[in-house]
> 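Quick one: the structure is below, and I'll ask about it shortly.
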Amino acid sequence: FSNYRQQYVRLYENFIGMDPASNVITKNSFLKLLSTGEYLPLRMISKDSVTYYRLYKLDVSTSEEIRSTIKYWGLEEYDYHKMEGQELPDYSFEDMQGVIYNNQNTKGKILVIKCWFLDCPPCVKEIPALNELQQQYKNRSDIVFVSLCWDSRKDVEKFLNKTIFNYAVVPDQYKFLTERLQLNAYPTHFVINKQGIITKKTNEYGALAYALRKESLR
């Protein structure tokens, strides 16, 4: 299942979803059904460039481990989808260099946000890839990369003395991340469009890169 998901399933891309009877349904309905843990999304072979997924009802003999994995994944995807189209809660972030980012001065710009903490191995492991992503858009003054770290300024400073991170880093964001954004999985990434609307929430680098590329072409 893990290999299949990794190779064939990219729900962050544009796709047409279908129920088990092959009826076209909304993305919201598709992800809601997926979050029950009772269905597997099958990538369909198509004659056009459109991606189709059909929900396949799992057999009763399917292991509880696979059901639980699919349910957790589905709940995560459904949660991410529900937040898209909303505004980020009011914010005013000050990075390690004293630069302020708030709802007003980031309007008219694409905002890319990483939410993380220092003792999160996946959060640290992805930094080189994020640095490369930032470099791809370094000549775009309308795209801003900001990371919200829940650790103290002192600990973040110590970390940055040993690790290059091209994002603007904002320390001491534990309360904002856990209370205002109510995050419980890290890293989490947001892409916010020039109107201040969340267009993507994800924990996958591939989904982040795809969403940013899509948004940068608008």
Side-chain angles (χ1 to χ4, degrees), residues 1-86 112-117 119-133 136 147 177 181-191 198-216:
F1 165 70
S2 296
N3 289 336
Y4 169 76
R5 175 186 168 186
Q6 187 173 7
Q7 292 183 19
Y8 299 106
V9 184
R10 294 184 288 275
L11 298 181
Y12 55 82
E13 296 180 346
N14 293 332
F15 70 87
I16 293 177
M18 297 183 289
D19 67 14
S22 296
N23 299 307
V24 174
I25 56 178
T26 65
K27 185 174 183 178
N28 188 74
S29 297
F30 182 93
L31 294 177
K32 190 173 183 179
L33 285 171
L34 182 63
S35 70
T36 64
E38 296 296 322
Y39 302 91
L40 177 70
L42 295 180
R43 191 182 182 103
M44 310 301 291
I45 296 175
S46 62
K47 296 181 180 179
D48 51 32
S49 59
V50 179
T51 299
Y52 297 85
Y53 290 103
R54 181 169 66 85
L55 292 171
Y56 170 79
K57 179 73 172 177
L58 294 176
D59 188 87
V60 291
S61 63
T62 303
S63 74
E64 190 58 37
E65 182 181 3
I66 290 180
R67 288 179 183 275
S68 296
T69 300
I70 293 176
K71 184 173 183 177
Y72 178 80
W73 170 39
L75 285 169
E76 193 173 60
E77 291 286 350
Y78 186 45
D79 173 68
Y80 289 170
H81 177 69
K82 287 189 294 182
M83 197 165 188
E84 292 166 12
Q86 300 182 35
V112 183
I113 295 179
K114 168 187 168 79
C115 305
W116 65 301
F117 58 97
D119 288 332
C120 164
C123 299
V124 175
K125 184 179 180 180
E126 70 173 4
I127 287 178
L130 297 181
N131 285 340
E132 291 182 10
L133 183 66
Q136 292 177 30
S147 80
L177 297 179
L181 296 183
Q182 298 186 337
L183 298 183
N184 53 25
Y186 296 87
T188 294
H189 303 276
F190 292 91
V191 176
I198 298 169
T199 59
K200 179 56 67 178
K201 176 186 177 186
T202 183
N203 65 355
E204 296 182 47
Y205 172 80
L208 169 64
Y210 176 87
L212 179 55
R213 181 170 65 253
K214 183 177 169 184
E215 196 60 48
S216 69

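One-based numbering along the sequence shown. No experiment lies behind these values; they were computed from the predicted model shown. What you see below is based on every heavy atom in this structure, not just the backbone, and it leaves out hydrogens, waters and symmetry mates.
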> With rounding to the nearest 0.5 angstrom, report the CG to CG distance, L40 to D59.
12.0 Å

> What I want to find out is whether K200 reaches E215 closely enough, with some N-O distance under 4.0 Å, to be called a salt bridge.
no

> Ignoring hydrogens, what is the shortest heavy-atom contact between K201 and D79? Give both atom names and the distance.
NZ-OD2, 3.1 Å

> First locate atom CG of L55, then atom CD1 of I25, and finally report the distance between them rounded to the nearest 0.5 Å.
5.5 Å

> Roughly how far, to the nearest 0.5 Å, is the CD atom of E77 from the CZ atom of F30?
10.0 Å

> Test side-chain contact (heavy atoms from CB on, under 4.5 Å) on V191 and K214; report intermediate values, then the result.
CA-CA 10 Å; V191 176; K214 183 177 169 184; over 6 Å; no

> When rounded to the nearest 0.5 angstrom, what is the spacing between CD in E84 and OH in Y80?
10.5 Å

> Compare all side-chain heavy atoms of I70 with those of L34 and state whether any distance is below 4.5 angstrom.
yes

> State, yes or no, whether a side-chain contact exists between L130 and H189 at a heavy-atom distance under 4.5 Å.
yes

> Do you know the tightest heavy-atom contact between C120 and Y186?
SG-O, 3.8 Å

> State, yes or no, whether a side-chain contact exists between Y4 and L42 at a heavy-atom distance under 4.5 Å.
yes

> Are L177 and T188 packed together at the side-chain level, in the sense that at least one heavy-atom pair is separated by less than 4.5 angstrom?
no

> Do you know the tightest heavy-atom contact between Y210 and Y12?
CE2-O, 3.5 Å

> Mind checking the CZ-CG spacing from R54 to N23? Nearest 0.5 Å is all I need.
10.5 Å

> Sorted by first residue and then second, give each side-chain hydrogen bond (donor to acceptor under 3.5 Å, both in side chains) pair with at least one member in residues 27-37; sequence neighbours left out.
T26-S29

> So, applying side-chain contact (heavy atoms from CB on, under 4.5 Å) with F190, which one of T199, T202, L181 is it?
L181

> Can you find a heavy atom in the side chain of P41 that is under 4.5 Å from one in the side chain of F15?
no

> Any side-chain heavy-atom pair from E126 and N203 closer than 4.5 angstrom?
no

> Roughly how far, to the nearest 0.5 Å, is the CG atom of L208 from the NZ atom of K114?
9.5 Å

> Just to verify, which of Y52, Y53, Y8 counts as forming a side-chain hydrogen bond (donor to acceptor under 3.5 Å, both in side chains) with R43?
Y53

> Near E65 CD, under 6.0 Å, is it more than 12 heavy atoms from other residues, nucleotides or ligands?
no

> Report, as yes or no, whether the 6.0 Å neighbourhood of atom NZ on K125 holds more than 12 heavy atoms from other residues, nucleotides or ligands.
no

> Only counting residues at least two apart or in another chain, list the ones meeting salt bridge (charged side-chain N to carboxylate O under 4.0 Å, His left out) with R10.
E13

